[in-house]
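A short write-up of the structure that comes next.
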Amino acid sequence: VLHAGDGYAYLTDQVASNDVKREPGQSLSDYYLQHGNPPGQWVGAGLAALEISGDVRTDQMKALFGEGLHPEADRMVAEAVARGVSPTQAINDARLGRRFPVFKEVEDDVYPARLAAAYRAFGAEHDRAPEAGEERDALRWQTAVEILTEREGKAPSPGDVTHYLSTRGTEQRKAVAGYDLVFTPVKSVSTLWALADDEVRETITGVHREAWGEALKWIETEGAFTRVGAAGVAQIETNGLVATAFDHLDSRTGDPNLHTHVAVSTKVQGVDGKWRSLDGRVLHALGVAASERYNTAIENKLRQELGLRFLPEGRQGKRPVREIAGVPKDLRDAFSQRRAQVEEGYVELLAEYRRKHGREAPRAVQFALAQQATLATRQAKEGGGLRDRLPQWRATAERVLGGRRQVEAMVRDALAGAPKIAHPEEFRETRPAETIDHLASKVLDTLGEQRATWNRWHVAAEAERVVRESRWAELAPAGEDLRPMIELVTTRAGATSIQLTPDDLNPAVKGLQRSNGESIYSVHGSQVFTSARVLAAEDALVTAAQSRGGLYVSRDAFMAGIAMVEEEKGRTLNAGQRALAAHFAGSGRRLAAGIGPAGAGKTTAMSAFARAVELGGGRVLGLASQATAAAVLGDELGVSADTLHKLLWEHSHTPKEIMAEKFRIDANTVLLVDEAGMTGTPQLAELLHLAEKYGANIRLLGDPSQLAAVGSG
């Protein structure tokens, strides 16, 4: 998000200090050699109504993104005043829609830090976090009293405290002036771009521009809407986006990093001719799909133009990243100082979150921590053109690979990476049998592991990945465009999804429809879908929760387990902990679930449950979504533990007679899934199938803050 005021400044500050217009016929490489990062360019279909184009000036950015005015407001206001128009009226005439809102500033930020300290002190004293409700309310009140007493020199009245608290607890709001869309290729593209000759560098630069240009046009088609009517209840189309594009060549640490910032203004002209604000809901929703569309475009175009070949590289717990074949990982790592800084900071923040909350961070929190790490490690960016950078990058590559010849050989290998097919018609006859239905089914299976429901943007993003990573694409002739295949797979996957959003009982009449026939009272792309596989998995899990089966722990064994843990920890389990442990041990259900916030004592309850199971002749096998979480779970409960994925893999790939003892399951085994909300529903159904096969039972444990936040569990 770009905020009104000077939120745009980092874009204009990082271009070359001596911006010179690119001469007709001058190559991009020659231009960059002389001037570093070039000045921004105006882009977007919405520019037609403003009658501007070409290079972006700082005063234009200030007018549009800083004040919500026409980019040429300075000139327009001066000319109007010269004609006798009042300055106030001249500014109003240059304004695009309503002025940016101004929010009241909070005088200080002492309260959040002091309240956090009070929570920590409570946790240290009580060995748990304060509970929502009376305990947290009391701490808020106490913190406010302390601050007001220090400020006023006397104890405040209850009314003063109430008034103070009514102004606390929310972040300072700022008006949104735009959105910064950053189009960045994978690291191997920037690496090859930095080390190849001028002709190849020029080609890669041109392909990158074409790719982000295509993605931006798609965003304009699918995401450029504005809101009208009372409370903005209706959503109508616009005449396109008003945006600026800034090409940057390196990272803040000086590594090769070809990327483009496209700053999209919130000022858009509706099809009714009025200027309003861009409806950011759709833009946010389709962001990942737009990113994947760019990835497909640049990969496909580089395959066509330079014969490059892309191969997937797996990272544990993450999606594979497709890099250029022939560009080694150690070289890419050497040019990834910025990424290393961010990832190191991110790992530290995740570890701190685990220590503080006693659990893995939900996906939404992980994104926030990643952003925090990015900002915390940001440093001032040094200027300089390719004339300075290229020798530095070449020296680094020679050091990593062993010399000049090795660098040149690497470039040759990368450029010769794609298989050459002399007769495309023969290829078509021998192409692997990956049908549209097969690829569409793969799209839905992957979506079902990540979430219980999805929208059209999720389908579009996954279709891009599935087709791009398919054998169909890998063996396609160099000149073949993947876009038609992707559109077919997207359409088929969408058609075979199950729509959960009901259709309108009263279809909108023509005057209340967008150009594609949708009602203006619906948010474009907001329909929710699921699949038969997810629904079947949910049915199986619910049925198991209502069925008898697996190990049953007697009351005597349960009470003995409770006594062991209470003696070991020197404390008495409260009613909630006892109830949770008792239900898990003695309910007799094939599947049972329990939830509780961090600090509620789930670990202590599970320790008692594990001891009771062992005293009852069984064993607990702990399962988690990540290896680090599994290790913590095993240590805390004193049981064997591993990842759920590893257990399922072992039982589908390893013969029973040679399987490790830890992964063996029988009727006395209890499968305890910690942080179950981070596990996909179909994966839980697979675990259930395994449990039913051997007569085991399943216990799901979770935190309410993680439910519906991660995975489809």
Side-chain angles (χ1 to χ4, degrees), residues 316-317 360 449 537 540-541 543-545 547-554 557-558 560-561 564-565 580-594 602-603 605-676 678-702 711 713:
Q316 186 176 9
E360 293 295 325
E449 291 292 347
L541 293 168
T543 299
S547 305
R548 298 281 175 180
L551 179 71
Y552 172 83
V553 178
S554 68
F558 173 72
M564 287 178 62
V565 171
L580 176 60
H583 184 67
F584 273 23
S587 67
R589 302 286 183 179
R590 177 71 70 188
L591 180 147
K602 296 193 299 295
T603 300
M606 289 302 97
S607 296
F609 161 62
R611 300 294 83 77
V613 169
E614 292 164 359
L615 291 172
R619 76 178 182 105
V620 172
L621 174 57
L623 301 169
S625 59
Q626 299 177 0
T628 51
V632 171
L633 177 66
D635 290 342
E636 289 180 337
L637 303 188
V639 300
S640 296
D642 214 307
T643 65
L644 175 56
H645 176 78
K646 177 66 173 175
L647 176 69
L648 295 176
W649 189 92
E650 286 288 338
H651 278 268
S652 62
H653 292 80
T654 305
K656 186 176 181 180
E657 56 271 14
I658 62 172
M659 183 180 297
E661 185 63 31
K662 177 169 72 170
F663 298 114
R664 294 177 183 270
I665 300 175
D666 58 28
N668 292 320
T669 304
V670 180
L671 303 170
L672 174 62
V673 182
D674 192 24
E675 298 179 341
M678 301 178 72
T679 304
T681 305
Q683 196 173 32
L684 288 178
E686 288 183 47
L687 181 66
L688 175 61
H689 177 74
L690 195 63
E692 291 175 334
K693 177 180 179 181
Y694 292 102
N697 57 23
I698 298 175
R699 298 295 179 256
L700 306 178
L701 190 66

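- When all heavy atoms are compared, the tightest approach of E675 to A629 is OE1-CB, 4.1 Å.
- A distance-only check finds no donor-acceptor pair linking the side chain of H653 to the backbone of L648 [under 3.5 Å].
- Separating the OG1 atom in T603 from the CG atom in D674 is a distance of 7.5 Å, to the nearest 0.5 Å.
- Between the side chain of S587 and the backbone N or O of F584 there is no donor-acceptor pair closer than 3.5 Å.
- Among all heavy-atom pairs drawn from V639 and G622, the shortest one is CG2-N, 4.3 Å.
- Across every non-hydrogen atom of A630 and A624, the tightest pair is N-CB, 3.6 Å.
- G561 approaches R611 most closely through the heavy-atom pair CA-CB, 4.0 Å.
- Proximity of R619 to N668: side-chain heavy atoms (C-beta onward) are nowhere separated by under 4.5 Å.
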**Request:** Would you check, one step at a time, whether the test side chain to side chain donor-acceptor pair (under 3.5 Å) holds for T654 with E650?
**Result:** CA-CA 5 Å; T654 305; E650 286 288 338; 2.8 Å; yes
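- Open room surrounds NE2 on H645; 12 or fewer heavy atoms of other groups in view lie less than 6.0 Å from it.
- Summarising the geometry, atom CD1 belonging to I698 is positioned 11.0 Å from atom CG belonging to L621; distances are rounded to the nearest 0.5 Å.
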**Request:** Start with the C-alpha distance between Q683 and L644, add both sets of side-chain angles, then the distance that settles side-chain contact (heavy atoms from CB on, under 4.5 Å), and finish with yes or no.
**Result:** CA-CA 8 Å; Q683 196 173 32; L644 175 56; 3.9 Å; yes
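- Note that CG of L690 and CG of L647 are 5.5 Å apart. Values are rounded to the nearest 0.5 Å.
- Counting all heavy atoms, side chain and backbone alike, F663 lies closest to H651 at O-NE2, 2.7 Å.
- For the pair R590 (side chain) and T543 (backbone), a donor-acceptor distance under 3.5 Å is absent.
- The side-chain heavy atoms of L580 and M606, taken from C-beta on, include a pair separated by under 4.5 Å.
- Here CD of E692 is found 10.0 Å from CG of L687. Values are rounded to the nearest 0.5 Å.
- Remark: side-chain polar atoms of T669 are not paired, donor with acceptor, to backbone N or O of I665 under 3.5 angstrom.
- At least one donor-acceptor pair under 3.5 Å links the side chain of R664 to the backbone N or O of K656.
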**Request:** Determine, step by step, whether R699 and V673 satisfy the side-chain contact (heavy atoms from CB on, under 4.5 Å) criterion, reporting the C-alpha distance in whole Å, the side-chain angles of both residues, the deciding distance to 0.1 Å, and the verdict.
**Result:** CA-CA 6 Å; R699 298 295 179 256; V673 182; over 6 Å; no
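- In terms of heavy-atom proximity, R589 sits nearest to N697 at O-CB, 3.8 Å.
- Residues T643 and Q626 are not in side-chain contact: their nearest non-hydrogen atoms beyond the backbone lie 4.5 Å or more apart.
- Aromatic ring centres of Y694 and H689: separated by at least 6.0 Å.
- To the nearest 0.5 Å, the span separating CG on L541 from CG on L700 amounts to 7.5 Å.
- In this structure, F558 CZ and L615 CG are separated by 11.5 Å, a value rounded to the nearest 0.5 Å.
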